[in-house]
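Excluded from the calculations below are hydrogen atoms, water molecules and symmetry mates; all remaining heavy atoms, backbone and side chain alike, are included.
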Amino acid sequence: VVAAWFMYLAQPQFAETMKQQFAFLHKMLDRKYWVDEVYFSLFANGGRSVGKGLWKGGDVALIDGIMIHGSAHAVTWFAGVARKLQTGRLYNYAFVMIMGLVALLWLFVK
């Protein structure tokens with residue numbers, strides 16, 4: 001208590017002199033041993049990097065790229081194939097039904 005009274009009330013210039021003489025020690029104590037900077041660079045930036053990787057790899061590539069756009073392309077392709085198969089002629093449908101029936105009978109008889 002006496003040292004604090006002397007340094008900050010009785011002789012305030014003494015504290016400034018000590019701060020200048022021991023600048024590195026003052027900076028280290030003021031920065032709390034640089035724990036916040038280390039924590040920020042390791043955990044905060046690391047967490048942001050993981051989040052960015054999950055966003056680009058998981059959301060953009062997997063969900064939007066494969067699941068959303070991939071399923072849309074698959075439906076478009078399947079519709080194009082189905083459009084070629086559906087002619088609207090009755091004898092084409094009858095022929096496909098008879099071929100399906102023959103295939104089923106062949107599977108059961110085999």
Side-chain angles (χ1 to χ4, degrees):
V1 173
V2 173
W5 171 82
F6 177 76
M7 289 178 61
Y8 294 106
L9 295 177
Q11 298 290 327
Q13 69 274 9
F14 182 72
E16 188 63 34
T17 304
M18 295 302 282
K19 178 181 170 184
Q20 290 174 358
Q21 284 182 349
F22 299 104
F24 177 76
L25 183 62
H26 179 267
K27 187 173 184 178
M28 180 179 69
L29 293 173
D30 187 48
R31 293 285 185 166
K32 299 174 204 97
Y33 303 102
W34 293 282
V35 171
D36 291 338
E37 286 83 359
V38 170
Y39 178 83
F40 183 76
S41 65
L42 288 177
F43 296 107
N45 284 341
R48 288 180 65 187
S49 299
V50 168
K52 190 175 184 179
L54 289 174
W55 164 58
K56 288 194 174 202
D59 186 44
V60 173
L62 182 67
I63 295 172
D64 290 342
I66 294 173
M67 294 175 76
I68 304 295
H69 298 301
S71 63
H73 290 301
V75 167
T76 303
W77 175 81
F78 186 72
V81 171
R83 188 179 313 116
K84 291 177 183 174
L85 293 175
Q86 294 178 350
T87 62
R89 295 190 177 128
L90 184 61
Y91 62 88
N92 285 348
Y93 296 134
F95 177 73
V96 170
M97 287 175 60
I98 291 170
M99 293 307 294
L101 183 61
V102 167
L104 283 174
L105 287 173
W106 182 77
L107 282 173
F108 285 123
V109 172
K110 182 182 154 185

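For the atom pair R83 CZ and F78 CZ, the distance stands at 12.0 Å (nearest 0.5 Å). Taking CH2 of W55 as the start and CZ of R48 as the end, the distance is 11.5 Å to the nearest 0.5 Å. Rounded to the nearest 0.5 Å, atoms CD (Q20) and NE2 (H26) are 10.5 Å apart. The CE atom of M7 sits 10.5 Å away from the CD atom of E16 when rounded to the nearest 0.5 Å. To the nearest 0.5 angstrom, D30 atom CG is 7.5 Å from K19 atom NZ.
Cluster annotation: F6 and Y8 are assigned to the same hydrophobic cluster (Ile/Leu/Val/Met/Phe/Trp/Tyr, side-chain heavy-atom contacts under 4.5 Å, transitive). In this structure, W77 is a member of the same hydrophobic cluster as L85, with clusters built from ILVMFWY side-chain heavy atoms closer than 4.5 Å. Taken together through direct or relayed side-chain contacts under 4.5 Å among Ile, Leu, Val, Met, Phe, Trp and Tyr, Y33 and L25 form part of one hydrophobic cluster. No path of Ile, Leu, Val, Met, Phe, Trp and Tyr side chains, each step under 4.5 Å between heavy atoms, connects L104 with F95, placing them in separate hydrophobic clusters. Hydrophobic clustering (side-chain heavy atoms under 4.5 Å, transitive across Ile, Leu, Val, Met, Phe, Trp, Tyr) groups L29 together with F14.
Although no hydrogens or angles enter the test, the distance criterion places a donor-acceptor pair under 3.5 Å between the side chain of Y93 and the main chain of G88.
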| query | After noting the C-alpha distance and the side-chain angles of D64 and D59, does the key distance pass the side chain to side chain contact (heavy atoms under 4.5 Å, CB included) rule? | reply | CA-CA 6 Å; D64 290 342; D59 186 44; 4.2 Å; yes
| request: Would you check, one step at a time, whether the test side chain to side chain contact (heavy atoms under 4.5 Å, CB included) holds for D36 with F40? | output: CA-CA 6 Å; D36 291 338; F40 183 76; over 6 Å; no
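By the neighbour-count criterion of 12 heavy atoms within 6.0 Å, atom OH of Y39 is sparsely surrounded, having that number or fewer from other residues, nucleotides or ligands.
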